[in-house]
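The block underneath contains the structure these notes are about, expressed in structure tokens.
What's counted below: heavy atoms across the whole structure, side chains too, no hydrogens, waters or symmetry copies. The residues of the chain are indexed from 1 along the displayed sequence.
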Amino acid sequence: MTTLWTDLRRRLGVVAGALLALGLPGAAGPAECHKLDHDGQGYAVCTVTADEEPRLGLWLYDGRGRPLNHFGSLRKHLGGQTLLFAMNAGMYHSDYAPVGLFRSGTEEHGALVTGEGGGNFGLLPNGVFCTGGKTPFQVIESRRFSTSAPACRLATQSGPMLVIDGDLHPRFLIDSDSRYVRNGVGVSQDGQTAWFAISDRPVTFHEFGRLFRDGLQARDALYFDGSISRLYAPALGRSDFGWPLGPMIGLTAPAG
């Protein structure tokens, strides 16, 4: 929803999460999360480089097959590891199962969806964020992913793609009045860097796509979600809370 109440409720969640974050351990390690202004809009951006890819994680269920749903549950699930940042990472059904493909190491749920459908996920082209494959980071259009079957240590499908080979998604309207707090991921042209971003306030798809294409120089970028989008980033004093989440992605470091 784009109502004032929805925006206010999310802002209260961010403020309360920030207060909770004051009691969280500091973000040890090299993860870089920072604030960025682009075209009059504010964003939080967390950067992951190629050497950090093995410490990037994608999570959905705990050891007993129950959805993790929240950053606090994820932190407990990690045991001795420190969570440097995390965000929601793809759309999900009412039982929190992924709408499309989810792969984390040998754990796989859902199936690749290549057909057009309703909602943002079905706004083709959509894509898959893939790590640990031919290059450390890739955003691959779903139909191309289906035919090439690339090796991925982590893979999460979502949609729509925000940036495709340096161009914005063709369905994005510069004068759209559809605004949500949105989050997603973009990848550099050489596949050595991934940027995870979330808007501070509701933005259009066109504005969000321009952040990745023009502000971050991403060659390809993928939308994760809107309105339920949340970020855990102790370095920014953020531990957003709200509705339960499905897939989550984030960077870890050994504790201590």
Note: Phe121 and Ser158 closest approach over all heavy atoms is CE1-CA, 3.7 Å
* Cationic tip of Arg182 above Phe205 ring, under 6.0 Å, 45° of axis -> yes
Residue pairs meeting ring pair (Phe, Tyr, Trp, His ring centres under 6.0 Å), one or both in residues 89-114, sequence neighbours left out, come to Tyr61-His109, Tyr92-Tyr96, Phe102-His109
Taking atom types as modelled, find out whether Thr135 and Gln192 have a side-chain donor-acceptor pair closer than 3.5 angstrom.
-> no
Contacts of Glu116 meeting salt bridge (Lys or Arg N to Asp or Glu O under 4.0 Å) (sequence neighbours excluded), chain-then-number -> none
Note: with side-chain heavy atoms under 4.5 Å as the link, the other cluster members for Phe145 come out as Leu101, Leu112, Val128, Ile140
Interatomic distance, SG@Cys46 vs CG@Leu231, rounded to 0.5 Å, equals 5.0 Å
### Query
Is the closest side-chain donor-acceptor distance between Tyr232 and Arg238 under 3.5 Å?
no
Using side chain to side chain contact (heavy atoms under 4.5 Å, CB included), reason through Val163 and Arg219 one step at a time and then give a plain yes or no. CA-CA 7 Å; Val163 183; Arg219 182 67 178 177; over 6 Å; no
Quiz prompt | Side-chain donor-acceptor contact under 3.5 Å, Asn183 with Asn88 | solution = yes
dist Leu154:CG -> Glu107:CD (nearest 0.5 Å) comes out at 10.5 Å
In short, salt bridge (charged side-chain N to carboxylate O under 4.0 Å, His left out) pairs touching residues 78-96 with sequence neighbours left out are none
**Prompt:** Tell me, do Thr131 and Cys152 make a side-chain contact under 4.5 Å, heavy atoms counted?
**Reply:** no
Flag side-chain contact, heavy atom, 4.5 Å: Asn126 against Gln157: yes
Between the main-chain N or O of Thr114 and the side-chain N or O of Ser142, is there a donor-acceptor pair closer than 3.5 Å? no
Residues Gly80 and Ala255: closest non-hydrogen pair is O-CB, 2.6 Å
Sequence neighbours excluded, the answer for side-chain contact (heavy atoms from CB on, under 4.5 Å) partners of Ala194 is Phe129, Phe137, Val185, Phe196
message: Between Glu52 and Thr49, do the side chains contain a donor N or O and an acceptor N or O under 3.5 Å apart?
response: yes
Item to complete: Using the side chain to side chain contact (heavy atoms under 4.5 Å, CB included) rule, take Val181 and Ile198 through it: C-alpha gap first, then chi angles, then the decisive distance, then the call.
Response: CA-CA 7 Å; Val181 171; Ile198 183 171; 4.2 Å; yes
Is Leu173 close to His206 at the side-chain level, that is, under 4.5 Å between some pair of heavy atoms?
no
Q.
Regarding Arg179 and Glu207, does a basic nitrogen lie under 4.0 Å from an acidic carboxylate oxygen?
A. yes
Closest non-hydrogen atoms of Ala50 and Pro136, given as atom of the first, atom of the second and distance, are CB-CG, 3.6 Å
Rounded to the nearest 0.5 Å, the CE atom of Met248 sits from the CG atom of Leu60 at a distance of 8.0 Å
Sorted by chain and number, sequence neighbours left out, salt bridge (Lys or Arg N to Asp or Glu O under 4.0 Å) with Asp39 holds for Arg210
Looking only at heavy atoms, the pair that brings Ser178 and Ser176 closest together is N-OG, 3.1 Å
Hits for side-chain contact (heavy atoms from CB on, under 4.5 Å) against Ser73, two or more places apart or cross-chain, chain-then-number order -> Leu68, His70
| request: Determine whether Val203 and Tyr180 make a side-chain contact, defined as any pair of heavy atoms from C-beta on separated by less than 4.5 Å. | output: no
In short, Leu236 meets Ala44 closest at the heavy-atom pair CD1-CB, 3.8 Å
In short, side chain to side chain donor-acceptor pair (under 3.5 Å) pairs touching residues 146-155 with sequence neighbours left out are Glu53-Arg153
Interatomic distance, OG@Ser104 vs CH2@Trp59, rounded to 0.5 Å, equals 8.0 Å
Sorted by chain and number, sequence neighbours left out, side-chain contact (heavy atoms from CB on, under 4.5 Å) with Asp220 holds for Val139, Met161, Asp165
Problem - Side-chain heavy-atom pair Tyr223, Met91 within 4.5 angstrom cut-off - result: yes
So the salt bridge (charged side-chain N to carboxylate O under 4.0 Å, His left out) pairs with at least one residue in residues 127-146 (sequence neighbours excluded) are Glu141-Arg143
Taking the side chain as every heavy atom from C-beta outward, state whether Arg103 and Leu58 have any pair of such atoms under 4.5 Å apart. no
### Task
Decide yes or no on salt bridge (Lys or Arg N to Asp or Glu O under 4.0 Å) for Asp62 and Lys76, but give the supporting numbers first.
CA-CA 10 Å; Asp62 65 14; Lys76 293 177 182 177; over 6 Å; no
task = Would you check if Ile249 and Leu56 make a side-chain contact, meaning some heavy-atom pair closer than 4.5 Å?
result = yes
Separation between CZ (Phe172) and OG1 (Thr204), nearest 0.5 Å, reads 9.0 Å
In this structure, CZ of Arg55 is separated from CD of Gln81 (nearest 0.5 Å) by 9.5 Å
Sorted by chain and residue number, the side-chain contact (heavy atoms from CB on, under 4.5 Å) partners of Val45 (sequence neighbours excluded) come out as His34, Leu36, Tyr43, Thr47, Trp195, Ala197, Leu216
**Message:** Assess the residue pair Leu83 and Leu74 against the criterion (side chain to side chain contact (heavy atoms under 4.5 Å, CB included)); give the C-alpha distance rounded to whole Å, side-chain angles, the decisive distance to 0.1 Å, and a yes or no.
**Reply:** CA-CA 9 Å; Leu83 186 62; Leu74 174 57; 3.9 Å; yes
Scanning both residues in full, the closest heavy-atom pair of Leu84 with Pro234 reads O-CD, 3.4 Å
Applying salt bridge (Lys or Arg N to Asp or Glu O under 4.0 Å) to Asp190 and not counting sequence neighbours gives none
Side-chain heavy atoms of Leu123 within contact of Arg171, under 4.5 Å: yes
